[in-house]
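Read the structure below first, then the notes.
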Amino acid sequence: MHSFVYRANAVLTFAVTVLALMCAIASFSDNLNSPSPSADVQVLNINWFQKSTQGNDEVSMTLNISANLQSLFTWNTKQVFVFLAAEYETPQNSLNQVSLWDGIIPSKEHAKFGIHTTNKYRFTDQGSNLRGKQYNLTLHWHVMPKTGKMFADKIVMTGFRLPEEYR
Ligand SMILES: *[C@@H]1O[C@H](CO)[C@@H](O)[C@H](O)[C@H]1NC(C)=O
Ligand SMILES: *[C@@H]1O[C@H](CO)[C@@H](O)[C@H](O)[C@H]1NC(C)=O
C-alpha cells in the first residue's frame, strides 16, 4: 500500500514536471519567434477630392494593399486584427489618424494577401487641411493570442502626398 501511494505520487510528480517543462518550452518558443512582417501599399488612383458643404476635406482613393504577416502567427495566435491608417500633421494636431481599411486575419494561410480596394472608411479631415498634404500610410496590427498578452506593432510607409487641387 505504502509503495503504491509512493509510486502514484512519483508518477504524478513526473507528469507535473513534464507539463511544466512543456509550458516553459512553448512560451519560450513563442518568444523566440521574431516576426518579420512586410507590407506595401500603393495609391492607384484618387477617385475624387473635394470639400464638403461643412467645409471638411474628403478624398476617395483606390488602394493596393499587399502584406505578408505570416510570421506573426505561432501556435499561440488566435487571430490578428489589421488596419491601414492615413497619418498626417495639421496645425491643430501633431497626429491625425484616419482608418481607411481594416480586417481580421483568422489564420496563417490568410496572412499573405493582396487587396485592391477603395477606402472602406471615409478619409475626411476635420477642416480643409488636405490639399497638397504629405501623409504616411501605416499598417497597424494587433496580435490576439490564445493565452497571454496581446501585442501590437506597425509598418510605416512614408512619402505620400495628396493633390494640390480638388478634383
Ligand atoms: C499591387 O501590388 C502588388 C505588390 O506590390 C503588385 O505585384 C501588383 O502589381 C499591384 N497591383 C496593381 C494593380 O498595381
Ligand atoms: C511619417 O513617418 C515618418 C517616419 O516614421 C515620421 O518621421 C513622420 O513624422 C511621419 N509623417 C507624418 C506626417 O506623420
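Only this structure's heavy atoms are used, side chains among them; waters, hydrogens and symmetry mates stay out. Computed from a prediction, not measured in an experiment: that's the story for all the values here. For ligands, and for the atoms within them, numbers begin at 1 and follow the listed sequence.
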| For atom NZ of Lys78, is the number of surrounding heavy atoms from other residues, nucleotides or ligands below 6.0 Å larger than 12? | no

| said: Can you confirm whether some protein heavy atom lies under 4.0 Å from atom 11 (N) of ligand 2, or whether none does? | reply: yes

| Looking at atom 7 (O) of ligand 1, is any protein heavy atom nearer than 4.0 Å to it? | no

| field | Salt bridge Arg131-Glu165, side-chain N to carboxylate O under 4.0 Å | value | no

| Can a non-hydrogen atom of Tyr88 be found less than 4.0 Å from any atom of ligand 2? | yes

| request: Provide the number and element of each atom of ligand 2 under 4.0 Å from a heavy atom of Val156. | output: 2 (O)

Tell me which protein heavy atom sits closest to [atom], plus the residue, atom name and distance to 0.1 Å.
atom: atom 2 (O) of ligand 2; value: Asn136 ND2, 2.2 Å
atom: atom 9 (O) of ligand 2; value: Glu89 OE2, 4.0 Å
atom: atom 4 (C) of ligand 2; value: Thr158 CG2, 4.0 Å

| said: By the definition side chain to side chain contact (heavy atoms under 4.5 Å, CB included), identify the one residue from Thr138, Asn136, Leu139 that meets it with Met157. | reply: Leu139

| field | Positive for side chain to side chain contact (heavy atoms under 4.5 Å, CB included) with Pro37, one of Val82, Leu72, Asp153 | value | Leu72

| task | Would you give the length of the straight line joining atom OG1 of Thr77 to atom CD of Gln70, rounded to the nearest 0.5 angstrom? | result | 12.0 Å

[X] neighbourhood, listing ligand 1 atoms whose heavy-atom distance to it stays under 4.0 Å:
X: Asp40; result: 5 (O)
X: Ser66; result: 2 (O), 3 (C), 4 (C), 5 (O)
X: Leu44; result: 13 (C), 14 (O)

| task | Decide whether an N or O pair under 3.5 Å exists between Asn64 and ligand 1. | result | yes

| note | Closest non-hydrogen atoms of Lys149 and Pro145, given as atom of the first, atom of the second and distance, are O-CG, 3.2 Å

| said: Could you walk me through whether Asp125 and Tyr88 satisfy the side-chain hydrogen bond (donor to acceptor under 3.5 Å, both in side chains) test, starting with their C-alpha distance in whole Å, then the side-chain angles of each, then the deciding distance to 0.1 Å, before giving a yes or no? | reply: CA-CA 10 Å; Asp125 183 48; Tyr88 60 97; 2.6 Å; yes

| task | Could you point out which residue of Thr118, Asn47, Asn119 forms a side chain to side chain donor-acceptor pair (under 3.5 Å) with Thr62? | result | Asn47

